[in-house]
Amino acid sequence: MELINRKFYDAICHFEDDEESQEYYYETLYSKTGKVLPDGSEEILRDQILRVYAALFCDDMNLPMGAIAGFDEVDATADRLYIGSVGFDPEHWYRMHHHFAVIDEDNYIRFAALVIADLKAGDLHESLKGGKDMLIVGESDPLLMSAEQRKTQKTFSVSLPGEGDAL
């Protein structure tokens, strides 16, 4: 069974709205992925999501290969993610678009899960198939950048395997 699917994405998006979404999110997040780790334990989806997030968005944080992103890494990278274009319009900032005004110890895993689920089975995945929006990764500290730096910053797009494909 593929754990990162549209239902998981929807549960994250509606997490604040109802208990059913919260229950499904936690049930799925702590499900075993089927992958056996070097220590003999079975990986859970939470760790897989944080490992993929670290690989995609934390490349300049000197994490060892295969490391899991923690609160500090997710918090430091959340403002690098844009939908479609770079700018100060809150609709283009991924975390503002999804109403994550603050990334904290209580929601950083949910934010990382939202990003990965969105790329794999959510609205961004659907938009990419239609050639519309994409997730753009900008440089660190966009709030401290000058207008000229924002215009000339380097960005790159990120995509994951399609829904139903392994991470």
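Computed over heavy atoms, backbone and side chain alike; hydrogens, waters and symmetry mates excluded. For the single chain, residues carry numbers from 1 onward in sequence order.
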With sequence neighbours excluded, give me every salt bridge (charged side-chain N to carboxylate O under 4.0 Å, His left out) pair touching residues 68-77.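 Applying salt bridge (charged side-chain N to carboxylate O under 4.0 Å, His left out) to every pair that reaches into residues 68-77, excluding sequence neighbours, yields nothing.
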All pairs passing salt bridge (charged side-chain N to carboxylate O under 4.0 Å, His left out) where residues 30-45 contributes a residue, at least two apart: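 Only E43-R51 qualify under salt bridge (charged side-chain N to carboxylate O under 4.0 Å, His left out).
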Quick one: list whatever passes ring-ring contact (aromatic ring centres under 6.0 Å, His included) with Y30, sequence neighbours left out.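 Here no residue qualifies.
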For [X], what residues pass the side chain to side chain donor-acceptor pair (under 3.5 Å) criterion, not counting sequence neighbours?
X: Y25; value: none
X: R46; value: none
X: D104; value: none
X: D106; value: none

Are L29 and I49 close enough, and set up right, to give a side chain to side chain contact (heavy atoms under 4.5 Å, CB included), and what steps lead you there? CA-CA 9 Å; L29 190 68; I49 285 169; 4.2 Å; yes
Under the criterion side chain to side chain contact (heavy atoms under 4.5 Å, CB included), I'd like the reasoning laid out for R110 against E16: C-alpha separation, chi angles, the key distance, then a yes or no. CA-CA 11 Å; R110 189 162 31 101; E16 301 287 339; 3.2 Å; yes
What residues, two or more places apart in sequence or in another chain, satisfy side-chain contact (heavy atoms from CB on, under 4.5 Å) together with A55?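 For A55 there are no side-chain contact (heavy atoms from CB on, under 4.5 Å) partners, ignoring immediate neighbours.
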With sequence neighbours excluded, tell me which residues meet side-chain contact (heavy atoms from CB on, under 4.5 Å) with E23.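 Per chain and number, E23 pairs via side-chain contact (heavy atoms from CB on, under 4.5 Å) with E19.
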Might you point out which heavy atoms bring A69 and C58 nearest each other, and give the distance in Å?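 That closest heavy-atom pairing would be CB-SG, 4.4 Å.
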